[in-house]
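Before any comments, here is the structure.
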Amino acid sequence: MLIRAVLGFSIIETLALAGMLLWWADRVAGARLLAAFLSGIALWMAGNELPNWLGPGSGDIAMAMIGFSPLTSAFFFHFCVVFCGVRLPRWGVVAAYLLGGSATLAVQLLTPGALVWREHVGLIAIANTVGMVASMAWVLLGLGGIAVLLTALARARRPAFNQIAAVTASCLWGVGCLSGYGIVVLDLPLYPFPLLGMPLYPVILVYGILRYGVFVSNAWARRALAWALLLALGAVVVALTPLLPIESRWIGGFVVAISCIALNGPVRQFAERLVYPGGAVSAGDLQVWRQALQSADSMAALESEASTLLSRRTGTEVRVLLGAEGVQPPAAAPCLLGAPSSQGWTITLHGWEAAPPGPRRVAELFGTVVADAAERVAQGEQIAARERERQLQARLAELGSLAATVAHDIRNPLNIIAMAVATASPDVRREVAGQVGRIAHLSSDLLDYAKPWKLVPQRYDLAAQVRAAAGRLPHCTLGAALQAPLLIDGDSRRVEQALTNLLENARAASGADTPVAVHIDAEQRADAVLLHVCDDGQGVPEEIRHRLFEPFASRSPGGTGLGLAIVARTLAAHGGSVALTQRPPWTTCFTLTFPLKDANPS
């Protein structure tokens, strides 16, 4: 009999799903209460089927099993309260258990009904007055649970809204299935077809609850869902085999086995779509993404291309941000954050909490492709940086050799020129001496910039060094932060040279009649010391701002153009940087950043 097979499978399935809930009880609020409710449903169905399995002699045991339904409804009501997070006074839950427990106890002590034969289902329990009173108790508790669900549903947001909606839908489905028993009890001349939908009731209920909390993040849970669906289809095939014009059990079993094997793939794909609706990603999709990201040769290009691809696939604007950890994502749009780690690049989702599982699944799989592409781009950038450094060192070595030759070869002509004008007028001697000094200064700077450097770092007080350097320059003021020690690890001789170059630049930027005012200040941060050297001179011309720290870019008519290049190289050698910044009211301000070591000073 088809109904017999369907209800028998429903009992096994409900108990299995209750066990699954207990296994993942830490993922879902009220999971143990729901497991107790499902176990009570299985007990109730088993009580209705027991007389048909063991005969009328088991009627008393069957009635006792059915009589636990009010307590089962109390579990359901309590689960709805916990799952929806409803603030119900404690006495409300206690009253529900008192009502369900009292009705259950009355059924166990009194006779709740009798067994009656009905067509299509066989023996079934028909309630008397005691049974009707107990039935009213579990109906009231069930309606109370549904009222809690509907109230929470009206206030919930995604993804909680989806879960509550799934539980509510499963309850409506369960009521529809139970109407099949109403057809039997009322002895209506109809086939109780709603009972055939009982296997789907616990599946819908558990799926709706576990979909976001378990199925999305747990591969074993997804496999369990696929097996549950496959077993359900297998039970249908078993129930339909008597309709086949085959009497051999061996052939019937073979048909069942072949059917299950044939349905295995489609059922698993269907289960995947249930968990991730709209999230199916094929191998072809992954290949297309990899090829599209292959053309990106920088992190900025990769971010742009990846954002375009994912936004087009999900139908909403998504940003992909790649960089160091701690980058602040935008507050509104969902995004993928990528950061390098010891295990390679890791991609995390930000702002996807309200997204359905399907788009989230797409984003997660897309993130694996982006991580591989980011690793490739990062390696390419490292190789390019090493090549640039190699070429720079080669150019510096060549420049150093050239500068040494020029400096050596130019000294004798300079001495001859100086001696040749010894009898000239004072104005001529003064002009020649100035130009000879300028050439000598250029040669010295060129040699210093081009030759290899070897830092001798030590822990010293940068503030004391700045105070000493500022004392040699008129019209120079110091900020309050420079009155306290600022300890850094650096080569004091090289830092002194950088400070001297900056102060000389500031002095050279003064007008013919007005001396320039210089102000030096500092900032102590957790990871660095910032030194600001500012002046109110003529400012930096707009046309050289973009190449200010390159060799031979000068803002003063008599400058060599190597002073700021030496400053930049000095800071880079210390792991820091120098930048032209804005600090009103000063017209020019250079900010030097000295990174701090992790170790404490000894």
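Throughout, residue positions are numbered sequentially from 1 according to the sequence presented. All values derive from a computational prediction rather than experimental measurement. All values below were derived from every heavy atom in this structure, side-chain atoms included, with hydrogens, water molecules and symmetry-related copies excluded.
Separation of atoms CG (D461) and CG (L486) is listed at 6.5 Å; rounding is to 0.5 Å. To the nearest 0.5 Å, the span separating CG on L571 from CG on L592 amounts to 4.0 Å. Atom CD1 of I488 is separated from atom CD of Q465 by 7.0 Å, given to the nearest 0.5 angstrom. For the atom pair CG (D372) and CH2 (W289), the distance works out to 13.0 Å, reported to the nearest 0.5 Å. Taken from CZ in F594 to CG in L462, the straight-line distance is 5.5 Å, to the nearest 0.5 Å. Taking CD of E364 as the start and OG1 of T348 as the end, the distance is 11.0 Å to the nearest 0.5 Å.
At a threshold of 4.5 Å between non-hydrogen side-chain atoms, the residues P334 and L349 do not count as touching. Proximity of V362 to D285: side-chain heavy atoms (C-beta onward) are nowhere separated by under 4.5 Å. Inter-residue side-chain proximity for V529 and L487 is flagged as unmet; no heavy-atom pair is nearer than 4.5 Å. Between L293 and L309, some side-chain heavy-atom pair lies under the 4.5 Å cut-off. In this structure the side chain of W345 reaches within 4.5 angstrom of the side chain of L322, judged on heavy atoms. Side chains of N505 and F590 form no contact here, defined as non-hydrogen atoms less than 4.5 Å apart. Counting heavy atoms from C-beta outward, T587 and D535 have side chains that approach closer than 4.5 Å.
Side-chain atoms of S304 do not come within 3.5 Å of backbone N or O of A301 as any donor-acceptor pair. Judged purely by atom type and a 3.5 angstrom limit, S295 uses its side chain to pair as donor or acceptor with the backbone of A292.
Contact record, G367 with I347: O-CG1, 3.2 Å, taken as the closest heavy-atom pair. In terms of heavy-atom proximity, Q294 sits nearest to R376 at O-NH2, 3.5 Å. Minimum interatomic distance between H475 and V516 (heavy atoms only, all atoms of both residues): CB-O, 3.6 Å. Of all the heavy atoms in C476 and I520, the pair that sits closest is SG-CD1, 3.9 Å. For the residue pair A484 and A463, the shortest heavy atom distance occurs at O-CB, 3.3 Å. Closest heavy-atom contact between A522 and L482: CB-CD2, 3.8 Å.
Classification of the H519-W586 ring pair by plane angle, with boundaries at 30° and 60°, yields parallel.
Side-chain contact of Q497 with R494: a donor-acceptor pair under 3.5 Å is present, judged by distance alone. Side-chain atoms of T581 and T591 form a donor-acceptor pair, as typed in the model, at a separation below 3.5 Å.
Environment of CZ in R155: sparse, with no more than 12 heavy atoms of neighbouring residues, nucleotides or ligands closer than 6.0 Å. Heavy atoms from other residues, nucleotides or ligands lying under 6.0 Å from CZ of R90 number 12 at most. For CD of Q582, the number of neighbouring non-hydrogen atoms (other residues, nucleotides, ligands) closer than 6.0 Å is 12 at most.
Of the residues L502, T593, V466, the one that meets the side chain to side chain contact (heavy atoms under 4.5 Å, CB included) test with L531 is V466.
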How far apart are the C-alpha atoms of L596 and D527, what are their side-chain angles, what is the distance that settles it, and do they pass the side-chain contact (heavy atoms from CB on, under 4.5 Å) test? CA-CA 5 Å; L596 295 178; D527 58 345; 5.8 Å; no

Determine whether V495 and H574 satisfy the following criterion, side-chain contact (heavy atoms from CB on, under 4.5 Å), listing intermediate values before the conclusion. CA-CA 9 Å; V495 175; H574 285 79; 3.9 Å; yes

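Remark: E496 does not engage R493 in a salt bridge, criterion side-chain N to carboxylate O under 4.0 Å.
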